[in-house]
Amino acid sequence: MRMKMKLLLFLCCVLWVSADVLHEDLGITGCSEFDGETMFTLDGEELWYADFKQGKGIEPQPPFVDHVSYVEGAYEQAVANQQICKSNLGIHLKAMKDLPVEHDPPSSLIIYSRNFVDLGEKNSLICHVSGFYPAPVNVSWTKNGEKVTEGTSINVPFPNKDGSFTQISRLDFIPQLGDIYSCSVEHLALTQPLTRIWEVEKTQAGVGPAVFCGLGLTVGLLGVAAGTFFLIKGNECS
Ligand SMILES: *[C@@H]1O[C@H](CO)[C@@H](O)[C@H](O)[C@H]1NC(C)=O
């Protein structure tokens, strides 16, 4: 089967660089035959993106920042830019006689939990996929071998400095002992999905605080022992 995939056109521009402290305000507009995105970021954090499925702009900013709102009409502008992008794409493809695009599979796939695992406590699993070209990837989740779609989400492709992309998918879940989760990634350059497994283990639950506490206590006691040793030694000499 021959995959029909057309060139992906991406236009990124640094909109504003402040003089005192270097901040990077990035606007991204991109399209392929099947997909498109418009996103604004500040220092690598997403501030606004166009959700073409829901037909509106989304501001995925965490509650602890001073919220930045985008002007009215930003979404309509994004839609108009998609049309321009797709029309440019058509012209470029024609000129380049459908030259094949280079395909890079994801170079990194990591799965981890957002918070320390507490059995029965709400948490999220994060599947971090990076280093692929072109965008996007498809990410699917399973729980104990069964496909899960509820509570999943994925962000729009984020361009890396080297021209490849990163995407992050999440799954909201409640850890129960012995549950096994997996995250599978599909990409044009992969003949079969790439999968990572994540298991809720007894040792994982609360392991973070317990280990750090134990380690801290040990180091502390060693410090006291060493201090005492040198104190005695020092007194012996004088
Ligand atoms: C992602 O899923 C869609 C819909 O199922 C499919 O058409 C597309 O080919 C998939 N993309 C990749 C890269 O596998």
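Every number for a ligand or one of its atoms is a count from 1 in the order of the listing. Hydrogens, waters and symmetry mates are skipped; everything else that's a heavy atom, side chains included, is used.
- For Phe40 and Tyr70, the distance between ring centers is under 6.0 angstrom.
- Put simply, CD on Glu37 and CG on Asn81 are 12.5 Å apart, with the number rounded to the nearest 0.5 Å.
- One option in Asn138, Asp35, Leu190 has a heavy atom closer to atom 10 (C) of ligand 1 than any other, and that option is Asn138.
- Near Glu186, meaning under 4.0 Å from one of its heavy atoms, ligand 1 places the atoms 13 (C), 14 (O).
- Between the side chain of Arg196 and the backbone N or O of Leu109, at least one donor-acceptor pair lies under 3.5 Å.
- Although no hydrogens or angles enter the test, the distance criterion places no donor-acceptor pair under 3.5 Å between the side chain of Asp51 and the main chain of Lys56.
- Residue contact check: Leu188 has heavy atoms under 4.0 Å from atoms 13 (C) of ligand 1.
- Under a 4.0 Å criterion applied to the non-hydrogen atoms of His187, ligand 1 contributes the atoms 13 (C).
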